[in-house]
Amino acid sequence: MKKLKKVLSWILAATMLLSTLTAFAAEPTINEDQDVSLTIYKYRYDGDEGAAGTGVIGDESKVPEDAVLLNGVTFAVYKVANITQDENGLQYSTVEAIRSDVGATINGGMSAADIEAQFTEAVLSKLTPVEKTTATVDGKDGIAKFTNDDLSGQGLYLVVETNAPDSVASMVDPFLVSLPMTNVEGTDWIYDVYAFPKNTTAASTVRLKKYGKTGEGSAVGVTGAQFVLQKKVNGVWTTQTKNDEGDDIGTNGVITMSSTTVKISGLSEGEYRFIETSAPSTDYIMDGTAAYEFTVGVDGAITVNGKKTSTVSVVNFKPELEKKVLIKNGSADNASDWQDAADYSVGDRVPFKVTSTVPENINELKHYVLVDTMSSGITMDSTDQASFVVSYYVGTSKVTDTGITTKPVYDAAKNQWTLDLSGDVEKLYNKSISSVEVTFTATLNANALTAGAGNPNTVGLEYTNKIYPKPGDDDQNPNTPEDDSQPYEETKTITDKVTVYTFGLELVKTFAGSAASDSVKATFDLYRPLVSGETKDATLKVNGTNVDVKKAGTYTTDASGKIVINTTQSGDNDKAFSNETYYFVETSTASGYNLLKEPVAVKIQIYYDQTFKTTTTETKYDKNGNVIGTPTVTESGSDSTTYYTDAGKTSATTVTTTTVNVVNKKGFILPTTGGAGTLVFTLMGIVLMAAAVIVFFGARKRNHA
């Protein structure tokens, strides 16, 4: 007879929850003032599953005759939700302490696997349980009674078996119970609920639980990993394809984690171990050298690491990688100023920040390398190369005594820098470093693009993601390489990207009454806003307001009357600009035309949305560190940029150059010097002056006579 694999508890839990779900609208309503209780009758039973429970004391009659009440079994009861009702009907509203982890409401139809995945140890640590051990109550063995005084009133409770006698092979699945619960007929509420779960004492059942931990986050249940189960037979580890009852273990002995927890039943006395042969497919690190061992005692009890438990927990780690660029004039201390994209002017030094989390098993990794590759529009001069700052953190606390002296190295030919911490993994491990941060500047140069995808800057983290044992370490380990064609190590490279945008300016000059040409042109000085700490070159009055500015260049209109400033043009003054206000000051114009009264303000206001594709590269190495085969590259998503012409993002555009139109008008023309009109007046003036002289001297003679 096939041994019991699942206990009556899950049937009871399912029945209770389904009954409540079918009776949300039934009468009578819950008496919120009435006390509730939960009484657990715990049995030891190795036969087939019995009838489903209904939550009433009468279910005791359904327990098989050869089931024996069992003392010494401990249960922990957690209140996980309150019973509420709104327009959607009756709801189980999650208690505040775990709402951020579980969600606002709890689904009544959760399976045992779902319950274990949802209510992890980390989640339950936020709640305070009520614990009781089955004992003799009112002359009967195996009873644990939780009264209203023990509990926290009406609500939804999680029941977890935490301990059992050595004779128990495996503990029951956790289950949810509603207090009160609807009766099976759907006509009334049961306030004193009875449960009759049972344990098996024959061949043991072990649970393999798989967790994943990303960066500094909490461990969460993950699926997709693969294991083999081995038993030590005559001193040799041997892969098990069937249990002691003849049932298959996985597929040809390979156990695939289709859920976060799998059960392997029918295990007799002996030494066992799980070996991971494939990690989850989401960048987690597989450690094929680690064996997760446990023993099954003669009494069926399972021991893991000296502790009696039926659960073997395996955690995979993976790092996170993030690159950010500081928005122009932003504050490095303000987290929101670090973005995935920013706009700058050509010639600006652009601040960047790279952050990589360190997996907890960093000491096992042979590769941990950051490689940052810039586009041709972003380069590092000597000042930029001196700007590197590498910081190490435990949580949010900076660690300064790591003993790590490795620095980023810039390769001008490849236009990339590398920080190779592979030789420092022990130091990272010993100091419990959880993240590495690299800050630096790079300069936006004249090769920068003013259109299209902008100027990307991509960082990659290459890390060991599959650790294999060396030949001879354990010949019975399925991960042990058989020859040089088999990998001794595998790495994965994950990437993140930021983009720096820059924009063009265009001035279109119109000479009223004339066509622009090489001889009909105007010259302008262009000024930009001051950057913090700069000394002003001029103060301009714009619309009655004084503006301190820095000169950006001098430009003269071409034969078509245009000044075009962007990096696609040729010339010594080629530049491109960020989203700011710039000022054209006309310094000379065509003959016969008036200069402009005041500066022309031009506001560049082009916004952008960008999406990035993610790339992962997997590489295999032999024992000498040589690459085996061709690295596998996987990409998802795509690179794209959508431009907008205003902050409201109401009209998408592909134009990345802002144009301003300027008109010069002719001035007033005075009569030409030497013309006829002027000659007449000149002659008249001479005659009048001569007459005045004659009169003057004549008057003097008379006075002397």
Side-chain angles (χ1 to χ4, degrees), residues 212 222 224-228 230 237 239 250-257 274-292 314 316-321 356 358-359 361-373 406 409 411 413-414 416 418-426 428-429 458-496 613-636:
V222 293
Q226 291 183 327
F227 292 83
V228 296
Q230 294 185 332
W237 288 108
T239 298
T251 303
N252 297 323
V254 177
I255 304 163
T256 300
M257 302 290 294
F274 287 108
I275 295 180
E276 186 175 30
T277 58
S278 178
S281 58
T282 49
D283 305 334
Y284 287 101
I285 300 169
M286 183 205 81
D287 188 352
T289 65
Y292 303 93
V314 179
N316 285 117
F317 303 98
K318 70 174 178 179
E320 288 181 306
L321 178 67
S356 174
V358 177
N361 62 339
I362 183 66
N363 60 312
E364 300 290 337
L365 309 191
K366 296 180 182 178
H367 286 77
Y368 190 81
V369 187
L370 287 166
V371 180
D372 189 288
T373 304
T406 307
V409 177
D411 186 333
K414 295 180 179 179
Q416 67 181 26
T418 301
L419 178 63
D420 188 348
L421 295 173
S422 303
D424 298 300
V425 293
E426 289 291 343
L428 293 169
Y429 180 79
T458 303
V459 67
L461 172 65
E462 180 188 29
Y463 64 97
T464 303
N465 81 310
K466 288 185 180 179
I467 307 169
Y468 293 106
K470 297 178 181 178
D473 283 356
D474 185 349
D475 292 337
Q476 303 303 315
N477 189 327
N479 290 324
T480 301
E482 297 178 359
D483 53 54
D484 287 349
S485 65
Q486 300 297 313
Y488 288 73
E489 187 200 16
E490 293 188 35
T491 64
K492 179 169 283 190
T493 302
I494 56 176
T495 59
D496 195 25
K613 67 182 178 184
T614 58
T615 302
T616 58
T617 303
E618 295 185 85
T619 308
K620 299 180 180 181
Y621 300 86
D622 65 16
K623 63 183 178 182
N624 298 313
N626 299 315
V627 176
I628 300 174
T630 303
T632 301
V633 180
T634 304
E635 295 181 343
S636 61

* V633 vs T615 side-chain heavy atoms within contact, under 4.5 Å -> yes
* Asked: With side chains defined as the heavy atoms from C-beta onward, is the minimum distance between P478 and Q230 less than 4.5 Å?
  -> yes
Heavy-atom pair with the smallest gap, counting every atom of [X] and [Y]:
{"X": "P469", "Y": "T480", "value": "CG-OG1, 3.5 Å"}
{"X": "G212", "Y": "Y284", "value": "CA-CE2, 3.5 Å"}
{"X": "E618", "Y": "N465", "value": "OE1-ND2, 4.0 Å"}
{"X": "Y488", "Y": "K623", "value": "CD1-N, 3.1 Å"}
{"X": "T617", "Y": "P631", "value": "CG2-CB, 3.9 Å"}
{"X": "G288", "Y": "N477", "value": "O-ND2, 3.0 Å"}

* Is the number of heavy atoms from other residues, nucleotides or ligands within 6.0 Å of CG (N626) greater than 12? ->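 Enclosed.
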* Counting only heavy atoms not in K366, do more than 12 sit closer than 6.0 Å to its NZ atom? -> yes
* So, S356 and Y368: side-chain donor and acceptor under 3.5 Å apart, yes or no? -> yes
* Do S422 and D420 have side-chain atoms, one donor and one acceptor, less than 3.5 Å apart? -> yes
* Report the C-alpha separation of V369 and T418 in whole Å, then their side-chain angles, then the decisive distance to 0.1 Å, and conclude whether the side-chain contact (heavy atoms from CB on, under 4.5 Å) test is met. => CA-CA 7 Å; V369 187; T418 301; 3.6 Å; yes
Gap between atom [atom2] of [Y] and atom [atom1] of [X] - 0.5 Å precision:
{"X": "I275", "Y": "N479", "atom1": "CD1", "atom2": "CG", "answer": "7.0 Å"}
{"X": "L421", "Y": "I362", "atom1": "CG", "atom2": "CD1", "answer": "8.0 Å"}
{"X": "H367", "Y": "Y621", "atom1": "NE2", "atom2": "OH", "answer": "4.0 Å"}
{"X": "L321", "Y": "T614", "atom1": "CG", "atom2": "OG1", "answer": "12.0 Å"}
{"X": "I255", "Y": "T277", "atom1": "CD1", "atom2": "OG1", "answer": "9.0 Å"}
{"X": "E489", "Y": "D622", "atom1": "CD", "atom2": "CG", "answer": "10.5 Å"}

* To do: Under the side-chain contact (heavy atoms from CB on, under 4.5 Å) rule, what do D283 and Y463 come out as? Steps first, then yes or no, please.
  => CA-CA 10 Å; D283 305 334; Y463 64 97; 3.3 Å; yes
* To do: Identify, with sequence neighbours excluded, every residue that meets side-chain contact (heavy atoms from CB on, under 4.5 Å) alongside K414.
  =>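 Per chain and number, K414 pairs via side-chain contact (heavy atoms from CB on, under 4.5 Å) with D411, Q416.
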* Residues two or more places apart in sequence or in another chain: which of them pass side-chain contact (heavy atoms from CB on, under 4.5 Å) with K620? ->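 For K620 the side-chain contact (heavy atoms from CB on, under 4.5 Å) partners, ignoring immediate neighbours, are P487, E490, I628.
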* How far apart are the C-alpha atoms of Y429 and E364, what are their side-chain angles, what is the distance that settles it, and do they pass the side-chain contact (heavy atoms from CB on, under 4.5 Å) test? -> CA-CA 9 Å; Y429 180 79; E364 300 290 337; over 6 Å; no
* Any chance you could lay out the side-chain contact (heavy atoms from CB on, under 4.5 Å) test for T282 and V222, step after step, and finish with the verdict? => CA-CA 10 Å; T282 49; V222 293; 5.8 Å; no
* To do: Identify, with sequence neighbours excluded, every residue that meets side-chain hydrogen bond (donor to acceptor under 3.5 Å, both in side chains) alongside T256.
  =>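 Per chain and number, T256 pairs via side-chain hydrogen bond (donor to acceptor under 3.5 Å, both in side chains) with Q226.
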